[in-house]
Amino acid sequence: MSAPQNLACGITNHETFYMYHVYSSTNSCMKSNPTLGQFIADLREDHAEQCTCSVTVGDRVWQALYTPLDDSTLGHDTSSYSLCDLDWPLERFVPIIAGKRGMFHLLAEGIPPKETPLAPEPIKVVREYESAVFRIPGAQPKLPDDGDVDYKAACARPGSLVVDKSRFVTLARSNQLPGWVPVIRRPRGFGKSMLLSMFESYVDIDCAYDGPPFPADPSPHHTLATRVGRFLSLGLQGLLLVLHLDFAQLDLADATSEAELRSACQRFLTACATTCYKRYQSAFVDHAAREEITLNDLVELGYGASHTSKFFVGIDNYTDPLLSGDRQLRERVIVEEIFTPLFGAFAGGCVLRGLIVGGDVPGVPWPYCNIELFRECILELSYDAVSFDMLGVTEPELVALGKVLFSAEENVDLLRQIRQIAGVESPLPTAPYWGRTYSTRDVLAAARALRNGTPAPKFVNSVTGKDYVLPTRTMRPEVEAELFDAFSHEKEIWAKESPELYARLQQEVKKKPRKSDPVSDDGSWPDSDRAAAPSFADSPPPSSSDSDESVGSTVPSRTTAR
């Protein structure tokens, strides 16, 4: 008889809900004949890592069969429960859990501190319009380094400053239809890897991250998050296994033939699947441990896992392999060898959510979109107005960041400084500062220089709202119709403030939906009635004539459009 995987244990004198299962216990899952003492040792270690309370776990354990009525076990009476011996094998508890889910089968002793600990210093949140910057307590404000791409680590570093993008977790979803994975591109330095790490931190069942800004998001969610279609809440905090693929690690340098390219892609996909498997190995029960595993095997194990069968797929730097070599050949091989099995897992329901981010490919407006399978399975959000400020630092965020970094006595206007370095000499905009985002990397470099009194960088890269005009065939027409409905729930305001854009969107919606649209070899849409928007990598830097008035003439104010 094996250890009961669903055996659940709680802790007495605990202010918040805490339940630990055997399937989460390394000792209980991996060792033969595990004992109650080994299970409690794992519980004690997990509690110390995951909970910030001051309760310590003692050596007394009761057989409880207690259904929790609220989140707390403070003052719970254990006098009627039987004490357990720590040497008892876990298989002894198999009969007591049969048909008794959702309750504490065991309660471990929780010993409160002798003195009430001091309340932790609260996180400082500075809001500007609907944006926010928060500072982790414990040290002087610390700007992140360029190489910081781990969201959880950044939020745990004392004094760390984090520009809050958490309101956008509601957009990282696949549609209920198979596939439809969001894709977002920006130039280098706009924080794509950090954004992806934020989504992965939110859904990851392993790290169970509940720190700032989850679950108490300091910024309001977009109203679009509650609307129909793809703008539904993610709602999967701490529930998924994360399969991460960084295409910057896909080494195709020595692959010259198609067969060599395919072999390299297969090795890469197997390596990513193996990394995911080893990270969540305790979740995959009743199988022989393996040193290497394919994506198909990983998906099969996911279906067989006792408590979860769902994955989140995060793909970073997805366009990196196209910057050298035979681009069209690489596109076709990568889609067939990597994206095809991933999209198949989406269609099968094992992969539930995902997000793909990457940089621009010069001269190629729509990377991979000359392959019909890729085009039919993604949601292209690179030129989407809702995703405009998901990456980079927006002007409201610059104002909030300046308030955290500089005191009133220092009299440093960070927004004005950044605009001047970026070559934007038009008058400062008024709230809500609509229409421009700046390179995260460049903004951090300029902010460090201003703080340290060193020379500021000579240029700050930025992109403007008018560069985000949606090309005719960014998405399938039926998706464009849905997008139009979502954005124009205040249609009379669009018609009044931006009649030309309103008329153009109306015309787009009326176009007859087609099953698919032909795409030329260079990734452009040959049947488009206007030229595709330029690649940001090829866009000239903004000039003094690039004023906010020109942006405002094509995009309604954020307060009304959203």
Side-chain angles (χ1 to χ4, degrees), residues 5-6 19-21 23-24 29 46 49-50 149-153 155 165-184 193-211 213-215 217 221 225 230-246 269 272-285 293 295-316 318 338-339 341-357 377-379:
Q5 298 298 307
N6 287 308
M19 179 181 286
Y20 190 67
H21 291 83
Y23 59 65
S24 301
C29 287
D46 178 81
E49 291 180 353
Q50 302 298 336
V149 294
D150 188 329
Y151 185 78
K152 181 181 178 182
C155 291
K165 301 287 187 179
S166 63
R167 62 189 183 277
F168 294 110
V169 294
T170 57
L171 299 182
R173 69 177 301 274
S174 312
N175 199 278
Q176 279 104 345
L177 298 176
W180 290 36
V181 189
V183 173
I184 305 177
S193 297
M194 178 66 86
L195 182 82
L196 179 59
S197 177
M198 182 190 72
F199 287 117
E200 293 176 346
S201 298
Y202 179 84
V203 301
D204 192 347
I205 193 173
D206 185 49
C207 76
Y209 181 52
D210 58 359
F214 310 126
D217 181 357
H221 288 278
R230 60 194 172 94
F231 299 107
L232 295 178
S233 175
L234 191 62
L236 294 168
Q237 181 180 352
L239 295 179
L240 302 182
L241 311 180
V242 174
L243 173 60
H244 181 82
L245 300 91
D246 185 353
L269 190 57
C272 294
T274 300
T275 299
C276 177
Y277 164 74
K278 290 183 176 179
R279 180 177 181 184
Y280 302 105
Q281 190 165 349
S282 62
F284 306 122
V285 297
I293 193 169
L295 177 66
N296 288 337
D297 292 337
L298 181 68
V299 170
E300 290 301 319
L301 287 176
Y303 279 123
S306 59
H307 64 293
T308 182
S309 62
K310 306 298 182 183
F311 288 83
F312 178 95
V313 172
I315 301 180
D316 198 4
Y318 86 108
I338 298 178
F339 284 112
L342 289 174
F343 290 151
F346 268 100
C350 191
V351 175
L352 191 63
R353 297 290 188 267
L355 179 63
I356 303 174
V357 297
C377 290
I378 67 166
L379 284 173

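- Looking at heavy atoms from C-beta onward, Leu241 lies out of side-chain contact with Phe312 at the 4.5 angstrom threshold.
- For Thr274, there are no side chain to side chain donor-acceptor pair (under 3.5 Å) partners two or more places apart in sequence or in a different chain.
- A side-chain contact (heavy atoms from CB on, under 4.5 Å) with Leu269 holds for exactly one of Leu243, Leu298, Leu245, Asn296; it is Leu245.
- Side-chain contact between Leu295 and Leu342: present, with at least one pair of heavy atoms (C-beta onward) separated by less than 4.5 Å.
- The two residues Tyr151 and Ser201 make their nearest non-hydrogen contact at CB-OG, 3.9 Å.
- Closest approach of Asn6 and His21 over heavy atoms only: O-CD2, 3.5 Å.
- Between Phe339 and Phe343, the ring-plane angle classifies as parallel under the 30° and 60° cut-offs.
- Side-chain contact check for Ile293 versus Leu301: some heavy-atom pair is nearer than 4.5 Å.
- In this structure, Ser166 OG and Phe199 CZ are separated by 9.5 Å, a value rounded to the nearest 0.5 Å.
- Listed by chain and number, the residues in a side-chain contact (heavy atoms from CB on, under 4.5 Å) with Asp246 are His244, Ala248, Gln249, Asp316, Asn317 (sequence neighbours excluded).
- When all heavy atoms of Lys310 and Leu240 are compared, the closest pair comes out as CB-CD2, 3.4 Å.
- Ser193 places no side-chain N or O within donor-acceptor distance of the main-chain N or O of Val149, the cut-off being under 3.5 Å.
- Closest heavy-atom contact between Leu239 and Ile205: C-CB, 4.1 Å.
- Distance OH/Tyr318 to CG/Leu355: 11.0 Å, rounded to 0.5 Å.
- With hydrogens and angles disregarded, no donor-acceptor distance shorter than 3.5 Å links the side chain of Ser24 to the backbone of Tyr20.
- Of all heavy-atom pairs spanning Gly314 and Glu200, the tightest one is CA-OE2, 3.6 Å.
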Determine, stepwise, if the pair Cys350 / Phe311 fulfils side chain to side chain contact (heavy atoms under 4.5 Å, CB included). CA-CA 6 Å; Cys350 191; Phe311 288 83; 3.6 Å; yes
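- Checked by atom type and distance alone, the side chain of Tyr280 pairs as donor or acceptor with a backbone atom of Val242 at under 3.5 Å.
- Nearest heavy atoms, Val299 versus Ala345: CG2-CB, 4.1 Å.
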